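First comes the structure, then the notes that go with it.
Fair warning: this is a prediction, and the values are worked out from it, not measured in the lab. So you know, we letter chains A, B, ... as the sequences are listed, proteins then strands, and number each from 1. Side chains included, hydrogens not; waters and symmetry mates left out as well; all remaining heavy atoms used.
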Amino acid sequence: MFGMFPELSLLDQFQRLQREIDNAFGVWATPANIRAVAHGAWPAINVGTTDKQVDVYLFAAGLDPKKLDISIQNNTLSISGERKIEMPEADNYYLQERFSGEFKRVLSLPTDVDPNKVDASYKNGVLHITVQRSEASKPKQIQVK
Amino acid sequence: MSETKEVTTKKSGEVQTKKQPEVFLRPLVDVYENETGLTLKADLPGVSNDKLNIHVDKDTLLIEGEVNISMPENLEASYADVRATHYRRSFTLSPELETEKIDASLKDGVLSLHIPKREQFKPRKIEVRTA
């Protein structure tokens, strides 16, 4: 699908994908996942897939990775945790936009993921979860005799 | 693992030749003030220290960062809340702020900026002498 633009990074591809969908069908035409939440939920999530794995990225700055609860049941991935922002004593507070409190995000992954092969890492405020897809569902080349 | 960040003061008239992306993410911030100065905290998930730029040009503070995350080859996007790779947000500063002494650090995608107030603008308590 993105083979025409190999020089673009994934995030640029997301943007292009969105623009193509919006242009072709209007914003409301694509069916939303039943577990989708209103735009602006914290943390923001991007999901990408390859033949081998599903990659989930949570844009969650300032988390304590030890306090994260990541679980997977069949193909449903849930991530919950807490980001508590302690506001210090100050004379004036001008902006308070950053999320503070408990969060939980649940998403449906493709049905062929292997719940025993999950990896998670946290770097620069992005939680990256990798779920391997099961061997049986990888695309196979079929030879014509 | 907190890293300190150098703040570059841009000379006015400098031409920006770098190609600019068309869409920017607006980082969410907290801003508060006490007697010593202003504190700004910004969420910039995915930005590493070398992809963060903080510019002060006269009275404008500009925060820019680029999302830098590792991705496998041939990854196809299937769902995305984040649809741009660059953060950008600017603020207007006031003259009592000492822009040469801005202190910046980045930890786990959270930028902390402290902008001190000039000494003569700090509130002072006036003692009343008793006659």
(request) Starting from the C-alpha separation in whole Å, work towards a yes-or-no answer on side chain to side chain contact (heavy atoms under 4.5 Å, CB included) for L107(A) and V47(A). (result) CA-CA 10 Å; L107(A) 54 153; V47(A) 184; 3.5 Å; yes
(message) Do the side chains of D108(B) and R83(A) get close enough for a salt bridge, i.e. N-O under 4.0 angstrom?
(response) no
(message) Looking only at heavy atoms and a cut-off of under 4.5 Å, which of D43(B), L44(B), V110(B), N34(B) has the most pairs with chain A?
(response) D43(B)
(message) Let's test your reading of the structure: which of P65(A), A60(A), P88(A) forms the most heavy-atom pairs below 4.5 Å with chain B?
(response) P88(A)
(request) For the pair K41(B) and D30(B), find out whether any cationic side-chain nitrogen is under 4.0 Å from an anionic carboxylate oxygen. (result) no
(request) Check each atom of E35(B) against the heavy atoms of chain A and say whether the ones under 4.5 Å are side chain, backbone, both or neither. (result) both
(request) Go through R98(A), M87(A), Q96(A) and name the one with the most non-hydrogen pairs under 4.5 angstrom from chain B. (result) R98(A)
(message) Which one wins on heavy-atom pair count under 4.5 Å against chain B: V56(A), L58(A), T49(A), T50(A)?
(response) T49(A)
(request) Using non-hydrogen atoms and a 4.5 Å limit, figure out which bit of V47(B) sits close to chain A: side chain, backbone, both or neither. (result) backbone
(request) Kindly compute the distance separating CZ (R88(B)) from CG (L25(B)), expressed to the nearest 0.5 Å. (result) 12.5 Å
(message) Please classify the contact of L63(A) with chain B as side chain, backbone, both or neither, using a heavy-atom distance under 4.5 Å.
(response) backbone
(request) Considering only NZ, NE, NH1 and NH2 on the basic side and carboxylate oxygens on the acidic side, decide whether E100(B) and R118(B) come within less than 4.0 Å. (result) yes
(message) If only side-chain N and O atoms count, and only distance matters, is there a donor-acceptor pair under 3.5 Å linking N74(A) with T76(A)?
(response) no
